[in-house]
Protein chains: 2
Amino acid sequence: MPRSDQSQTAILGALSIMPMTGYTLRQQIRDILGHFWSESLGQIYPTLAALEQQKLVQREVPGNSRSTTYSITPAGITRLRELLAESPQRGKPRNGTMLRLFFGAQLGPVACRALVTNALVQATDQLAALQREREELFGDATLAADAPYIALTISAGEHTARATIAWANESLATLARLGSS
Amino acid sequence: MPRSDQSQTAILGALSIMPMTGYTLRQQIRDILGHFWSESLGQIYPTLAALEQQKLVQREVPGNSRSTTYSITPAGITRLRELLAESPQRGKPRNGTMLRLFFGAQLGPVACRALVTNALVQATDQLAALQREREELFGDATLAADAPYIALTISAGEHTARATIAWANESLATLARLGSS
DNA sequence: CCACACATGTAATATGTTACATGATTTA
DNA sequence: TAAATCATGTAACATATTACATGTGTGG
């Protein structure tokens, strides 16, 4: 059962910052990588088991607690660096909003306006969330080494969100003209 | 074997513009929706078979040719409008470049620079491709009804590409400072 | 006539989510 | 002590890609 390289990369990466349980792993990935990554528990547990078999991660002292904290091994760090060095296989795009807009003649201008408005709201929310994250990032001393790189990914999200906002406003104006004529 | 609503939407949508074979369907989706959508042949043929069973598409006069051209039925148009009206289920993001950059401390500044440069090149190429498409769009009279909506999706691609270019240039400057210090 | 594009379809494989089953720990 | 959260793991289902097997039409 070969668990995907991609999931292994994300999980090893997260464990390279700090040891965690599978459950916490999902939370951290959702909350911190959420803008550009996702993993489900159904992926995480089997992947952790596979990584453990390959000795790339290990269970930490399972003393008193019933929960299993995993940490990355030196071999795991080596493997992580290999995986990160592989060229990123771009996932196939599937943007439901654009698909609907493309066939907007079938959908009608009113529903299209709703789609764009929705995209606008989401992008605005995301921009706010990213700005909050940026502030938190500088308050966390344990991330000192990672902070400059993490800031790059936050910046990317901000650029994209602002682009979406600009596009949405433009498009709403266009759609208004389209609807009235 | 329930074929996904998402694939059905894309295929019915494409057939709403003109009848096609499965093979051509894939080409058109790759070439025209490629910026925000993808379907493989392994999806297209089974989906077409399912759609035919539901009478949402039909084979056109299979007279002399060996190839099977499908066209959308009135029921298919109705179904397409239903599908388009469903709120777009956002696919989970998986951006390999951002994942690598996030763990840039493990990967090192040189490889990170390469990742960003690569993103810059891709975005530049895409911007050029989109501008070509925009010109073609106005030259094609058969798309008159769809053109304004299609233009919206092209514009979205352009905004995103320009945002990526701006981010990449900024980030290269940041990485240069990071590497030299 | 040979290579290449057109065309169809299936099977193996990969990937991934959701729901289910189960239970411990914390907090109000 | 009841509810919420933390935690693990599996199974069923959904989705998707790639490779394979096979054949037709067309241009050089």
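Each chain gets a letter, A, B and so on, in the order the sequences are listed, and its residues count up from 1.
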Handout entry: Contacting residues from residues 26-38 of chain B, given that a heavy atom lies under 4.0 angstrom of DNA chain C
Key =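 Listed by number, they are B:Q27.
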What is the distance from [atom1] of [X] to [atom2] of [N], rounded to the nearest Å?
{"X": "A:I44", "N": "D:dG9", "atom1": "CD1", "atom2": "P", "answer": "12 Å"}
{"X": "A:Q89", "N": "D:dT18", "atom1": "CD", "atom2": "C1'", "answer": "13 Å"}
{"X": "A:R90", "N": "D:dT17", "atom1": "CZ", "atom2": "C1'", "answer": "16 Å"}
{"X": "A:Q6", "N": "C:dA14", "atom1": "CD", "atom2": "C1'", "answer": "12 Å"}
{"X": "B:E60", "N": "C:dA7", "atom1": "CD", "atom2": "P", "answer": "14 Å"}
{"X": "A:L51", "N": "D:dG9", "atom1": "CG", "atom2": "P", "answer": "13 Å"}
{"X": "B:Q8", "N": "D:dA16", "atom1": "CD", "atom2": "C1'", "answer": "15 Å"}
{"X": "A:Y45", "N": "C:dT17", "atom1": "OH", "atom2": "P", "answer": "15 Å"}

Problem - B:P88 side chain reached by A:L115 side chain, heavy atoms, under 4.5 Å - result: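 Heavy-atom side-chain distance check passes, below 4.5 Å.
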Could you list the residues that satisfy side chain to side chain contact (heavy atoms under 4.5 Å, CB included) with [X], not counting sequence neighbours?
{"X": "B:A75", "value": "B:L56, B:T73"}
{"X": "B:P148", "value": "A:L178"}
{"X": "B:D125", "value": "B:V121"}
{"X": "A:N169", "value": "A:L120, A:I165"}

What pairs of nitrogen or oxygen atoms, one from the protein and one from nucleotides 18-21 of chain C, lie under 3.5 Å apart?
none

Practice task
Output every pair passing salt bridge (charged side-chain N to carboxylate O under 4.0 Å, His left out) with a member in residues 35-49 of chain B, not counting sequence neighbours, ordered by first then second residue.
Solution key: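 Listed once each, the pairs are A:R94-B:E39.
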Exercise for the section: Would you mind listing every salt bridge (charged side-chain N to carboxylate O under 4.0 Å, His left out) that reaches into residues 135-147 of chain A, with sequence neighbours excluded? Expected result: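 Counting only pairs at least two positions apart or across chains, no salt bridge (charged side-chain N to carboxylate O under 4.0 Å, His left out) contact touches residues 135-147 of chain A.
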Practice task
Could you name each residue pair satisfying side chain to side chain donor-acceptor pair (under 3.5 Å) that touches residues 107-121 of chain B, not counting sequence neighbours?
Solution key: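 Checked against side chain to side chain donor-acceptor pair (under 3.5 Å) - neighbours excluded - no pair reaches residues 107-121 of chain B.
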Problem - Distance, nearest 0.5 Å, that separates OG1 of B:T153 from CH2 of B:W37 - result: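 Taking OG1 in B:T153 and CH2 in B:W37, the distance rounds to 13.0 Å.
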Problem - Nearest-0.5 Å distance, CG of residue B:L15 to CE of residue B:M20 - result: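 Result: 5.5 Å between the selected atoms.
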Distance check: side-chain N/O of [X] vs OP1/OP2 of [N], anything under 4.0 Å?
{"X": "A:R94", "N": "D:dT15", "value": "no"}
{"X": "B:T21", "N": "C:dA7", "value": "yes"}
{"X": "A:Y23", "N": "D:dT8", "value": "no"}
{"X": "A:S67", "N": "C:dA24", "value": "no"}
{"X": "B:T24", "N": "C:dA7", "value": "yes"}

Handout entry: Proximity to the side chain of B:R59 - top-ranked nucleotide from C:dT8, C:dG9, D:dT10
Key =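 Closest nucleotide to the B:R59 side chain: C:dG9.
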Problem - Contacts of B:E52 that satisfy salt bridge (Lys or Arg N to Asp or Glu O under 4.0 Å) - sequence neighbours left out - result: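 For B:E52, the residues satisfying salt bridge (Lys or Arg N to Asp or Glu O under 4.0 Å) (neighbours in sequence not counted) are B:R59.
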Practice task
Have a look at the helix from C:dC1-D:dG28 to C:dA28-D:dT1 and give the angle its two end axes make, five pairs each, rounded to 10 degrees.
Solution key: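 Axis angle across the helix from C:dC1-D:dG28 to C:dA28-D:dT1, nearest 10°: 30°.
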Quiz: residues 22-35 of chain A side-chain donor-acceptor pairs under 3.5 angstrom, not counting sequence neighbours:
| from | atom 1 | to | atom 2 | distance (Å) |
| --- | --- | --- | --- | --- |
| A:T24 | OG1 | A:T21 | OG1 | 2.8 |
| A:H35 | ND1 | A:Q126 | NE2 | 3.4 |
| A:H35 | NE2 | A:E133 | OE2 | 2.7 |

